Chemist: 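Below: one structure in structure tokens.
It should be emphasised that the depicted structure is a prediction, and the values quoted were computed from it without experimental measurement. Lettering follows sequence order; numbering is per chain, from 1.
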Protein chains: 2
Amino acid sequence: MAKGRYHHGDLRSALLDAAETLVRERGADDWSLREASARVGVSPSAAYHHFASRDALVRALSERTLAWLGKRLGQECERVAGQADDPQRRLIALGRGYVTWALDDPAMARLVLRGGATGPDSAISPHPHDVLSAELDRLAEAGGLPAFTRPGAEFVLWAAIHGLAVLLADGLVRIDDAAAVDAQTERVVRAALNGLARETSPAADRPAARSAHTERLARRATGEPH
Amino acid sequence: MAKGRYHHGDLRSALLDAAETLVRERGADDWSLREASARVGVSPSAAYHHFASRDALVRALSERTLAWLGKRLGQECERVAGQADDPQRRLIALGRGYVTWALDDPAMARLVLRGGATGPDSAISPHPHDVLSAELDRLAEAGGLPAFTRPGAEFVLWAAIHGLAVLLADGLVRIDDAAAVDAQTERVVRAALNGLARETSPAADRPAARSAHTERLARRATGEPH
DNA sequence: CTCCAATCTGAACACTGTTGAGATAGTGGC
DNA sequence: GCCACTATCTCAACAGTGTTCAGATTGGAG
């Protein structure tokens, strides 16, 4: 909006939007800051008043999309909850949302799930990882998962879902039929959940795995430096 | 070798080597064809007699590394077979090899596992996916997996292992201790295998998933055009 | 109305991938 | 031994990139 004016109005999000459509048109990496600026009708250097670098642009875009995805995954869980409140069904819906998105928007998925991009002070909320974690809590509370199995279980499930998503987005695995994608996703989630439920020993040294995202949150809460 | 000469000798693999160390030094993408050429002591345009483009270089590097990884994973399986020939142990060893590599060489892992890079006529042998598939066959034959579960099971396991590997390589999940990485990997593989073993119904429409790699092989066997 | 700080422009920098015309040197035929 | 041939490499150039910085333009606060 506000065409022809010297001051754009909301250049920051306009640039994010332009970058997003460029990613979809040309692929995750085949576009330039200059192109995005030109589409918005602004000089290349204007972007540097809103982003420290091209990398910062893609980071911001990545974070925006990740937050959007987190919200959508939560909604997806709620949607199936209306039919029958089965915590396992909710997790399957979550996985389906994750994978379906990666397949429907593969270029953006490659950009976002590549992940190294998310900055050190990003406040992605809700982060997909957190949504998944919460759903697993719900499953554990409902008795669908032995208590001693819960710690770190999110990484098992996340690995399975994330793995399928990137295999599809990167074109390493191909599934034509959308229904087959859902079936495959359900199979992966079910296998992971069942596998977790059948775990026998509490395994003395349980995974000291930490999500980079929750680490960031903790660091900010304690006021630690960058 | 053969310094100062006009003709290099084996420029092709020298460029691949230079690119590989550049990837490790600076990250998967932060290096240029010109730099690699300069390190080898050759003009930038010389590279174009061996690779059609910079992209073709990284594709070739990717394929070389993937084949190396496939071989190593096979060896890893054999190594544990010496101790006790348990097909499940072999698969855990395979997963461990995959994940450990991704963590020990994260920049290369990001380059390779990103995967879109592997060309349409790449002859990666043995491809990690094939090694995994063979090991699953072995498990099924040994009775560790119901027969009706076998079809497509490789994608469940691959997703889990690949997922963990990329989560770690991309820094989305952090695990400091190397032993903890092994523990987490074992947990993921075990969960997937157990989950598969407990599958109940043969699921009418089983995943029509196909690996891009095996598709390429099939296409070449039938002599189809690119 | 004036001044300020935020915002944007224009021109420049070093660098990139890629191309094409020509130099160089190993190879096989006589 | 010499010749031509072809693969290999160099040099110079092109368009396009991310990034910087001095200066023009503006909306808003005092």
Chemist: Specify the separation, in whole Å, of atom CZ of A:Arg12 and atom P of C:dC8.
Modeler: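 A:Arg12 atom CZ is separated from C:dC8 atom P by 13 Å.
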Chemist: Which nucleotide in the set C:dC8, D:dC9, D:dG18 lies at the smallest distance from any side-chain heavy atom of B:Leu11?
Modeler: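 Of the options given, the side chain of B:Leu11 lies nearest D:dC9.
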Chemist: Just call it for A:Arg54: base, sugar-phosphate, or nothing, with non-hydrogen atoms closer than 4.0 Å on any strand.
Modeler: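 Sugar-phosphate: the residue A:Arg54, judged by heavy atoms under 4.0 Å, touches backbone atoms but no base.
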Chemist: Are A:Phe155 and A:His129 near enough that their ring centres are under 6.0 Å apart?
Modeler: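 Yes; A:His129 has its ring centre under 6.0 Å from that of A:Phe155.
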Chemist: Hey, are A:Arg39 and A:Glu25 close enough for a salt bridge, meaning a charged N less than 4.0 Å from a carboxylate O?
Modeler: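 Looking at A:Glu25 together with A:Arg39, the answer is yes, because their closest N to O distance falls below 4.0 Å.
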Chemist: Check every strand shown and say whether A:Ser32 touches a base, only sugar-phosphate, or nothing at a heavy-atom separation below 4.0 Å.
Modeler: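 Sugar-phosphate: the residue A:Ser32, judged by heavy atoms under 4.0 Å, touches backbone atoms but no base.
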Chemist: Where do A:Glu135 and A:Leu157 land on the side-chain contact (heavy atoms from CB on, under 4.5 Å) test, with the steps shown first?
Modeler: CA-CA 11 Å; A:Glu135 290 298 328; A:Leu157 196 53; over 6 Å; no
Chemist: Quick one: A:Leu33 CG to C:dT9 P, roughly how many Å, whole number?
Modeler: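 Taking atom P of C:dT9 as the reference, CG of A:Leu33 is at 13 Å.
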Chemist: Where along residues 44-53 of chain B does a heavy atom fall under 4.0 Å from DNA chain D?
Modeler: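 B:Ser45, B:Ala46, B:His49, B:His50, in order of number.
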Chemist: With a 4.0 Å cut-off, would you call A:Arg110 and A:Asp29 a salt bridge?
Modeler: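 Answer for the salt bridge query: no.
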Chemist: What I want to find out is whether A:Glu76 reaches A:Arg96 closely enough, with some N-O distance under 4.0 Å, to be called a salt bridge.
Modeler: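 Between A:Arg96 and A:Glu76 there is no salt bridge, as every charged N stays at least 4.0 Å from the carboxylate O atoms.
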Chemist: Can you name the atoms? Protein N/O to nucleotides 4-6 of chain C N/O, anything below 3.5 Å, with the distance.
Modeler:
none

Chemist: Could you give the CZ-to-P distance, from A:Arg34 to C:dT16, as a whole number of Å?
Modeler: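 Those two atoms, CZ and P, are 16 Å apart.
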Chemist: What is the distance from CG of B:Asp30 to P of C:dC15, rounded to the nearest Å?
Modeler: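 After rounding, the gap between these two atoms is 15 Å.
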Chemist: If the threshold is 4.0 Å, N to carboxylate O, is there a salt bridge linking A:Asp17 and A:Arg64?
Modeler: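 Salt bridge between A:Asp17 and A:Arg64, a charged N being under 4.0 Å from a carboxylate O: yes.
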Chemist: Check A:Asp137 with A:Arg150, please: is the shortest side-chain N to carboxylate O separation under 4.0 Å?
Modeler: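 Looking at A:Arg150 and A:Asp137, the cut-off is met.
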Chemist: Do A:Asp170 and B:Arg114 sit within salt-bridge range, that is, some charged N less than 4.0 Å from a carboxylate O?
Modeler: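 Salt bridge between A:Asp170 and B:Arg114, a charged N being under 4.0 Å from a carboxylate O: no.
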Chemist: How many whole angstroms separate atom CG of B:Asp10 from atom P of C:dG26?
Modeler: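 Whole-Å distance recorded here is 15 Å.
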Chemist: Nearest 0.5 Å, please: how far is OG in B:Ser37 from CG in B:Leu11?
Modeler: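 Between B:Leu11 CG and B:Ser37 OG, I get 7.5 Å after rounding to 0.5 Å.
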Chemist: Rounded to the Å, how far apart are B:Asp29 CG and D:dT17 P?
Modeler: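 Atom CG in B:Asp29 sits about 17 Å away from atom P in D:dT17.
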